[in-house]
Enquirer: 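One structure follows; several queries about it will come next.
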Amino acid sequence: MWLIMTSLAAVITTAIWYVRAPEDKYKLGLLSLIFWGATLMWFVDHVMAYLTEGGEFFEINPDATLLGLSVIILALLVWEIVLLVSDPKGVLKRVLKR
Amino acid sequence: MACFLVPMGEAIVTTVVQKVVENREKKVGGKRTDNAGLKWSQRLSWLNKLLWGGTILLALEHVWHGEVVPWPPFLTAMENPADVAPMLHEMATFGVAMAITVTFVWAIIVMVAELKAKAMPEAKGNLISGGE
């Protein structure tokens with residue numbers, strides 16, 4: 001389930017990035033690459049596990065859904081930290097100057 | 001078990017390489033490394049973001065499944081000698097496959113970006129800012 005949710009997040013983020021490209025003030029390129037990196041790795045993991053161990057390709061249950069949500073939250077958190085540290089709008093600078 | 005450690009190792013290496021390349025590019029006055037308009041540091045930053053992003057999110061999954069813990073030896077497979085060999089096998093198969101796939105996809109992205117940049121000479125130097 002977390003593979004599906006991360007893939008969806010990657011597709012949506014990439015679409016939003018593309019709409020705003022070539023401008024990338026809010027580092028949506030970074031966010032989409034984070035999601036795509038995880039999507040690719042989990043895809044390989046799922047395919048290899050399916051081929052070697054068998055069983056269901058997607059694990060669909062409440063625990064897997066919760067993990068999917070947690071993964072998305074962590075990615076957003078990492079992105080927001082990078083965004084706040086780089087502060088492209090200069091908001092933090094202005095707040096700290098007051 | 002610990003498959004994400006392989007892409008993490010690659011990410012560490014490529015991050016160092018990116019820093020070295022960045023410094024070298026600064027020394028030559030920020031000149032492009034070829035005619036396509038993309039700097040090598042920019043290309044490598046895409047790979048780093050894919051690798052680090054995947055590593056961080058996979059690390060959470062491993063914590064979730066109890067395969068990684070916040071106390072030594074950090075990997076639960078290391079606590080039992082019988083689990084060490086399967087862990088190393090998983091790293092050699094799943095982990096290496098993950099690292100190769102991500103690198104391969106990155107190579108395709110770079111190739112497509114280069115071809116696009118070459119096809120549009122006026123767009124040189126103004127390509128995809130998404131990764132930087």
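The model shown is predicted, which means the values in this text are computed figures rather than measured ones. In what follows, every chain begins at residue 1, and chains take the letters A, B, ... in the order their sequences are listed.
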Enquirer: Tell me, for A/L66 versus chain B, whether the close heavy atoms (under 4.5 Å) come from the side chain, the backbone, both or neither.
Expert: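 Both backbone and side chain.
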Enquirer: Give a yes or no on this: more than 12 heavy atoms of other residues, nucleotides or ligands lie within 6.0 Å of atom NE2 of B/H65.
Expert: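 Atom NE2 in B/H65 is packed in, count exceeds 12.
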Enquirer: List the steps, then state whether ring pair (Phe, Tyr, Trp, His ring centres under 6.0 Å) holds for B/H62 with A/W42.
Expert: CA-CA 12 Å; B/H62 283 72; A/W42 272 318; 8.7 Å; no
Enquirer: Flag the one option from B/C3, B/G54, B/A99 with the top tally of heavy-atom pairs under 4.5 Å to chain A.
Expert: B/G54
Enquirer: Any chance you could measure A/L40, atom CG, to B/T103, atom OG1, to the nearest 0.5 Å?
Expert: 10.0 Å
Enquirer: Give the cluster check for B/V84 versus B/M91: same hydrophobic cluster or not, with ILVMFWY residues linked at side-chain heavy-atom distances below 4.5 Å.
Expert: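 Yes, B/V84 connects to B/M91 through the hydrophobic network.
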Enquirer: Quick check: is A/L74 connected to A/L84 through a chain of hydrophobic side chains (ILVMFWY, heavy atoms under 4.5 Å apart)?
Expert: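 Hydrophobic grouping puts A/L84 apart from A/L74.
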Enquirer: I'd like to know whether CZ of B/F104 has more than 12 heavy-atom contacts from other residues, nucleotides or ligands below 6.0 angstrom.
Expert: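 It does not: B/F104 CZ has 12 such atoms or fewer within range.
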Enquirer: Test B/W64 against A/D63 for side-chain contact (heavy atoms from CB on, under 4.5 Å), laying out the working first.
Expert: CA-CA 10 Å; B/W64 188 277; A/D63 184 65; 3.3 Å; yes
Enquirer: Given a strict heavy-atom distance threshold of 4.5 Å, which part of A/W2 is in contact with chain B: side chain, backbone, both, or neither?
Expert: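 Contact with chain B is through the side chain of A/W2 alone.
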Enquirer: At a 4.5 Å cut-off on heavy atoms, which part of A/S32 comes close to chain B: side chain, backbone, both, or neither?
Expert: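 Nothing of A/S32, per the 4.5 Å heavy-atom cut-off to chain B.
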Enquirer: Do B/L44 and B/M111 share a hydrophobic cluster (ILVMFWY, side-chain heavy atoms under 4.5 Å, transitive)?
Expert: no
Enquirer: Group every Ile, Leu, Val, Met, Phe, Trp and Tyr by side-chain heavy-atom contacts under 4.5 Å, then state whether A/I60 and A/L69 land in the same group.
Expert: yes
Enquirer: Less than 4.5 Å apart, side chain to side chain, heavy atoms only: is that true for B/L57 and A/I34?
Expert: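 Yes, close enough: below the 4.5 Å cut-off.
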Enquirer: So which residue, B/I56, B/L58, B/I100, B/T93, ends up with the most heavy-atom pairs under 4.5 Å with chain A?
Expert: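 Maximum pair count with chain A is reached by B/L58.
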Enquirer: So do the side chains of A/V44 and B/F94 get within less than 4.5 Å of each other, counting heavy atoms only?
Expert: no
Enquirer: Does a side-chain heavy-atom distance below 4.5 Å link A/L67 with B/E61?
Expert: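 They are in side-chain contact.
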Enquirer: Does the side chain of B/L50 come within less than 4.5 Å of A/M41's, by heavy atoms?
Expert: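 The answer is no; the side chains never approach within 4.5 Å.
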Enquirer: Same hydrophobic cluster for B/V13 and A/L33, using side-chain heavy-atom links shorter than 4.5 Å among ILVMFWY?
Expert: yes
Enquirer: Which region of B/V105, side chain (C-beta onward) or backbone (N, CA, C, O), has a non-hydrogen atom less than 4.5 Å from a non-hydrogen atom of chain A, or is it both or neither?
Expert: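 Contact with chain A involves the side chain of B/V105 alone.
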Enquirer: Tell me if the OH atom of A/Y18 is crowded by more than 12 foreign heavy atoms within 6.0 Å.
Expert: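 Open.
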Enquirer: Crowded around A/F58 CZ? As in, over 12 foreign heavy atoms under 6.0 Å?
Expert: yes
